[in-house]
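Worksheet: one structure, shown below.
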Amino acid sequence: MKNIKQDSTFEQAANWYYRLREPDVSPELIIKWQAWLYADESHIKAFGEIEELMHITGKVEDLEWPDNAALLEDDYDGELSVVEWQAQKKAQLLTKQTPSDGAAWLSWFYLKSLIRPVAIPLFLAVIGLLTWFQVVQIGDGNITVSVYETDAGQHKEIKLSDGSRIVLGAKSLLSVAYTEQQRKLILERGAAYFDVAKDRQRPFVVSSGNRIITALGTEFNVIRQSERVVVTVTEGRVRVTQKPAHSQSVNSRLVRNQISDDDSKEAVLIAGQQVRYDEQTMKIVSDANTAVVTAWRDGNLQYLTENLKFVVDDINRYSSTTIRVEGAKVGELSYSGTVFTDRVDNWLESLPLVFPVKVLRNNEGIVTIVADPERMEIQKK
């Protein structure tokens, strides 16, 4: 049973190896790979062996896994050395199979015979594993990759090698990849505050959702919610661009002091401005209250006329209880106020006093905020 498990893990590792070499690998796939990688130490070891093997051979390309019949024919029992056993099998194959079949079959056993434990410390293996993240996301060159993740209610302060500082919010996931040419980060979920060290030779680029945020010597806040991303600049400037096709150019546009819906693919924001975007739209806010937006760093969530559904998105990163909003009308209720992250239950109890809603709890402890029909009707009148 142990060998079966090892083979299965090895096959999964090889599958990931080839998937990460495909063109246009998405950040979502990278995150899934990282989750698989760190789920078990055997995954790290198996992926390290695959990578080491490919470096050793330099010739094993587009190798297909054997079918069930080929696996059943694997009769190597360890009594002979691998070299002697291969010679014996080759002689048998030359008399019983066509050259093409024998070559394909032997390729699989040759691959297996080269696999051996990685004779380096585990953390060095992990650095090696992340090489393909470099190739897919950034390009060639020396690279440092780090992945940071926080639990519900947890904040993490991060100091990067170039002197940049990050405050990572609760239930957030951030990948950081540095090369000699570029500093690239992916905020997959949650919130982060960036204080960027100046380095004109290496752009500081944050990818979140379907857009890219490039720092122009600055401090800025990024919150990724279920339906949108909000970028707020507190110092300096940032450029926000839609992820374009490689062949397309993007026209620059500086957003002046106004609030407007912007259908352009790029905006340059200065301190005090904010952009909110989703898959289809981008909206610029020129007079964002930066103190309110960044209050989460001090353990409270502050809002000025924010949709209730987005408030709940943020609260769920701090609450031990899952909270849901039922119905578009409830989600679009406008909320202004403060939510203390250590008193979420108190906030839930107060909601029916402010809004025409009910707060329901099911047997699994999930909280659902639903409309109170009678009070909704009264509010319309």
Side-chain angles (χ1 to χ4, degrees), residues 27-28 31 34 146-160 164-176 183-196 204-215 218-236 238 240 269 271-279 282-283 285 288-323 325 335-344 347:
E28 289 74 19
I31 297 300
Q34 292 168 352
S146 301
V147 179
Y148 302 94
E149 185 172 16
T150 53
D151 295 326
Q154 177 191 20
H155 289 175
K156 182 189 292 290
E157 293 189 8
I158 304 164
K159 183 176 181 180
L160 302 180
S164 297
R165 295 176 181 273
I166 301 171
V167 179
L168 191 62
K171 233 174 190 176
S172 300
L173 181 61
L174 177 74
S175 297
V176 180
R183 299 171 289 176
K184 187 161 187 177
L185 304 88
I186 300 175
L187 182 64
E188 179 64 22
R189 67 168 185 265
Y193 185 87
F194 300 92
D195 182 354
V196 182
F204 189 96
V205 179
V206 180
S207 174
S208 191
N210 66 337
R211 283 176 169 79
I212 297 170
I213 307 146
T214 303
T218 188
E219 295 184 28
F220 62 100
N221 189 82
V222 182
I223 299 178
R224 183 167 185 178
Q225 296 161 323
S226 59
E227 298 179 14
R228 69 176 189 183
V229 177
V230 181
V231 181
T232 308
V233 183
T234 58
E235 182 179 315
V238 303
V240 181
L269 307 178
Q273 292 185 328
Q274 179 184 89
V275 61
R276 304 171 183 177
Y277 62 84
D278 55 28
E279 291 295 327
M282 180 166 69
K283 183 176 183 179
V285 178
N289 189 319
T290 58
V292 168
V293 174
T294 61
W296 63 265
R297 295 180 296 169
D298 298 320
N300 58 81
L301 307 174
Q302 296 182 12
Y303 302 95
L304 294 173
T305 62
E306 181 61 279
N307 285 351
L308 186 61
K309 62 182 178 181
F310 295 128
V311 175
V312 171
D313 276 346
D314 292 340
I315 293 175
N316 273 324
R317 294 189 291 107
Y318 293 87
S319 175
S320 58
T321 301
T322 299
I323 306 172
V325 175
Y335 177 84
S336 294
T338 299
V339 182
F340 295 97
T341 57
D342 58 350
R343 284 178 269 172
V344 174
W347 178 80

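The figures here come from the full heavy-atom set of this structure, side chains too, leaving out hydrogens, waters and symmetry mates. For the single chain, residues carry numbers from 1 onward in sequence order.
- No side-chain heavy atom of Glu227 sits under 4.5 Å from any side-chain heavy atom of Asp278.
- Here the closest non-hydrogen pair linking Trp296 and Val167 is CH2-O, 3.3 Å.
- The two residues Ile323 and Val312 have their closest heavy-atom pair at O-CG1, 3.6 Å.
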With side-chain contact (heavy atoms from CB on, under 4.5 Å) as the test, would you mind laying out the steps for Phe220 and Leu269 before giving the verdict? CA-CA 10 Å; Phe220 62 100; Leu269 307 178; over 6 Å; no
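- In this structure, the side chains of Tyr148 and Ile166 stay at 4.5 Å or more apart for every pair of heavy atoms.
- Between atom CG of residue Leu185 and atom CG of residue Leu160 there is a gap of 6.5 Å, rounded to the nearest 0.5 Å.
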As a quick check of understanding, evaluate side-chain contact (heavy atoms from CB on, under 4.5 Å) for Val229 and Arg211, giving each step before the final call. CA-CA 9 Å; Val229 177; Arg211 283 176 169 79; over 6 Å; no
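- The two residues Arg189 and Lys171 have their closest heavy-atom pair at NE-O, 3.3 Å.
- Taking the six-membered ring for Trp and thresholds of 30 and 60 degrees, Phe194 and Phe204 have ring planes more than 60 degrees apart, a perpendicular arrangement.
- In the model, Asp313 has a side-chain atom that pairs as donor or acceptor with a side-chain atom of Ser226 under 3.5 Å.
- Smallest separation of non-hydrogen atoms from Arg317 and Gly190: CD-CA, 3.7 Å.
- The only member of Leu301, Asp314, Asn300 that meets side chain to side chain contact (heavy atoms under 4.5 Å, CB included) when paired with Thr341 is Leu301.
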Verify side-chain contact (heavy atoms from CB on, under 4.5 Å) between Val230 and Phe310, making sure each step is shown before the conclusion. CA-CA 11 Å; Val230 181; Phe310 295 128; over 6 Å; no
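- The NZ atom of Lys283 sits 9.5 Å away from atom CZ of Arg228, with the distance rounded to the nearest 0.5 Å.
- Of the inter-residue distances, the one linking Ser208 atom OG with Glu188 atom CD reads 8.0 Å to the nearest 0.5 angstrom.
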Start with the C-alpha distance between Thr321 and Val344, add both sets of side-chain angles, then the distance that settles side-chain contact (heavy atoms from CB on, under 4.5 Å), and finish with yes or no. CA-CA 9 Å; Thr321 301; Val344 174; over 6 Å; no
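- Nearest heavy-atom pair, Ala170 versus Thr150, reported as atom, atom and distance to 0.1 Å: C-OG1, 3.5 Å.
- Between Tyr193 and the choices Asn221, Thr232, Thr294, Thr234, the side chain to side chain donor-acceptor pair (under 3.5 Å) rule is met once, by Thr234.
- Between Gly209 and Arg224 the shortest heavy-atom distance is N-NH1, 3.3 Å.
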